[in-house]
Amino acid sequence: SYRNTFWKGDFKMNVRPAKLSDVEQIMEIWNPYIKNSLVTFNSSEKTKEDICDLIEVRRKKGHEFWIASKNDKVIGFASYDQLRAGVGYRYSMEHTIIVSAEAKGLGVGKKLMDILCAHAKSRDIISMWAGVSALNVEAIKFHEAIDFKIVARLPEAGYKFDSFIDLVLMKKNL
């Protein structure tokens, strides 16, 4: 099982597969990033239906959607799916990870990524990919700290807030 409890000093969190009852809390974390930041180039906020579908579809494919919680409050999530459509990409996955503002720097993201990568590796996945806004220096440093390497920079691949933004592609071999 991938359900685990982790401590960092006095900070205790649980990591487990998401339940449909977590969806509202996932929205509360994700939508402010969508609406107010360049963490994602997406500008359409997630609905309950969007997140329910995402969890169910990924799970049916043998992938997973993990949440981290503290005192039954969701403080972060991570999920993965195939990098691109088609059988030729079946061993390469791309992930999404979001940690609530109040939980940053507490090891939540690292623990979510450890579990996510272990899950993918157990399913014979060979690489995990991250597509990161070039303006999100914090996320680039986070990924580098957990052994992701920058492999490409796609100039002006993203567009948000009336600006074109470079996309940094990062890869970790599992």
Side-chain angles (χ1 to χ4, degrees), residues 1-8 11-23 25-31 33-34 37 39-42 46 50-70 72-85 89-133 136 138-152 167-174:
S1 167
Y2 288 92
R3 182 182 171 125
N4 292 295
T5 301
F6 301 95
W7 288 267
K8 183 176 181 180
F11 182 76
K12 178 183 173 186
M13 70 175 159
N14 292 310
V15 177
R16 60 167 171 76
K19 299 183 221 172
L20 296 182
S21 60
D22 297 320
V23 168
Q25 292 183 67
I26 292 167
M27 287 174 46
E28 290 172 11
I29 294 170
W30 205 346
N31 282 335
Y33 283 106
I34 291 170
S37 80
V39 167
T40 174
F41 297 149
N42 182 14
K46 300 292 183 186
D50 293 336
I51 297 171
C52 286
D53 288 347
L54 193 63
I55 292 168
E56 290 176 5
V57 167
R58 290 192 177 175
R59 198 162 280 151
K60 283 179 186 174
K61 292 179 181 179
H63 309 156
E64 193 50 84
F65 195 111
W66 303 98
I67 65 105
S69 64
K70 179 181 180 190
D72 296 321
K73 181 180 182 205
V74 176
I75 56 174
F77 63 88
S79 184
Y80 70 93
D81 201 7
Q82 195 165 305
L83 176 66
R84 295 187 68 183
Y89 296 97
R90 70 186 172 277
Y91 298 109
S92 298
M93 300 292 146
E94 181 179 15
H95 74 276
T96 298
I97 181 167
I98 303 283
V99 174
S100 67
E102 63 270 13
K104 287 190 181 256
L106 298 173
V108 176
K110 182 180 182 323
K111 187 47 64 185
L112 281 166
M113 287 302 298
D114 287 349
I115 289 172
L116 182 138
C117 288
H119 185 269
K121 186 175 182 176
S122 75
R123 282 149 176 77
D124 298 324
I125 302 307
I126 63 158
S127 64
M128 187 62 66
W129 290 79
V132 183
S133 165
N136 191 353
E138 180 182 327
I140 292 169
K141 288 180 181 180
F142 166 77
H143 283 88
E144 287 176 329
I146 58 172
D147 299 324
F148 278 77
K149 306 288 185 241
I150 295 174
V151 296
L167 177 67
V168 175
L169 293 179
M170 304 180 78
K171 177 188 174 197
K172 178 177 183 168
N173 290 326
L174 303 178

Enquirer: What pairs with Phe41 under side chain to side chain contact (heavy atoms under 4.5 Å, CB included), at least two apart in sequence or on another chain?
Expert: Ser133, Ile165, Leu167
Enquirer: Considering residues at least two apart in sequence or located in another chain, which fulfil the side-chain hydrogen bond (donor to acceptor under 3.5 Å, both in side chains) criterion with Trp30?
Expert: none
Enquirer: Between Met27 and Asp50, is there a side-chain heavy-atom distance shorter than 4.5 Å?
Expert: no
Enquirer: Using 0.5 Å steps for rounding, measure from the CD1 atom of Ile34 to the OG1 atom of Thr40.
Expert: 6.0 Å
Enquirer: A side-chain contact here means heavy atoms from C-beta on lying under 4.5 Å apart; do Val23 and Ile55 qualify?
Expert: yes
Enquirer: When rounded to the nearest 0.5 angstrom, what distance separates OH in Tyr89 from CD in Gln82?
Expert: 9.5 Å
Enquirer: Could you walk me through whether Leu20 and Glu56 pass side-chain contact (heavy atoms from CB on, under 4.5 Å), step by step?
Expert: CA-CA 9 Å; Leu20 296 182; Glu56 290 176 5; 3.5 Å; yes
Enquirer: What pairs with Glu64 under side-chain hydrogen bond (donor to acceptor under 3.5 Å, both in side chains), at least two apart in sequence or on another chain?
Expert: Arg59
Enquirer: Under 3.5 Å, sequence neighbours excluded: what are the donor-acceptor pairs made by side chains of residues 142-150?
Expert:
unit_1 : atom_1 : unit_2 : atom_2 : d
His143 : ND1    : Ala139 : O      : 2.8
His143 : NE2    : His95  : NE2    : 2.9

Enquirer: Determine whether a donor-acceptor pair (N or O, by modelled atom type, separation under 3.5 Å) exists between the side chain of Lys121 and the backbone of Leu174.
Expert: yes
Enquirer: Taking atom NZ of Lys110 and atom CD1 of Ile97, what is their separation to the nearest 0.5 Å?
Expert: 11.0 Å
Enquirer: Please give me the minimum heavy-atom distance between Leu169 and Gly131, naming the atom from each residue.
Expert: CD2-CA, 4.1 Å
Enquirer: Look up atom CE in Met128 and atom CG in Leu116, then write down how far apart they are to the nearest 0.5 Å.
Expert: 4.5 Å
Enquirer: Just checking Lys172: does its NZ atom have more than 12 heavy atoms from other residues, nucleotides or ligands closer to it than 6.0 angstrom?
Expert: yes
Enquirer: Kindly write out the residues that satisfy salt bridge (charged side-chain N to carboxylate O under 4.0 Å, His left out) with Arg90, not counting sequence neighbours, or none if the list is empty.
Expert: none
Enquirer: Check whether any side-chain heavy atom of Pro17 lies under 4.5 Å from a side-chain heavy atom of Trp66, and answer yes or no.
Expert: yes
Enquirer: The criterion is side-chain hydrogen bond (donor to acceptor under 3.5 Å, both in side chains); which residues satisfy it with Glu138, sequence neighbours excluded?
Expert: Lys104
Enquirer: Can you name the residues that form a side chain to side chain contact (heavy atoms under 4.5 Å, CB included) with Asp53, not counting sequence neighbours?
Expert: none
Enquirer: Which residues pass the salt bridge (charged side-chain N to carboxylate O under 4.0 Å, His left out) test with Glu102, not counting sequence neighbours?
Expert: Lys73
Enquirer: Locate the shortest heavy-atom distance separating His63 from His119; write the atom from each residue and the value.
Expert: C-CE1, 3.9 Å
Enquirer: With sequence neighbours excluded, what pairs up with Ser69 under the side chain to side chain contact (heavy atoms under 4.5 Å, CB included) test?
Expert: Asn14, Ile67
Enquirer: Are the side chain of Tyr33 and the backbone of Val99 linked by a donor-acceptor contact shorter than 3.5 Å?
Expert: yes
Enquirer: So, using side-chain hydrogen bond (donor to acceptor under 3.5 Å, both in side chains) as the criterion, who are the partners of Ser127 when residues are at least two apart?
Expert: Ser92, Trp129
Enquirer: Among residues at least two apart in sequence or on other chains, which ones pass salt bridge (charged side-chain N to carboxylate O under 4.0 Å, His left out) with Asp81?
Expert: Arg58, Lys61
Enquirer: Can you name the closest pair of heavy atoms from Ile29 and Phe77 and give their distance?
Expert: CG2-CE2, 4.2 Å
Enquirer: Just jot down the side chain to side chain contact (heavy atoms under 4.5 Å, CB included) partners of Ala68, sequence neighbours excluded, or say none.
Expert: Met13, Val15, Ile75, Val108, Leu112
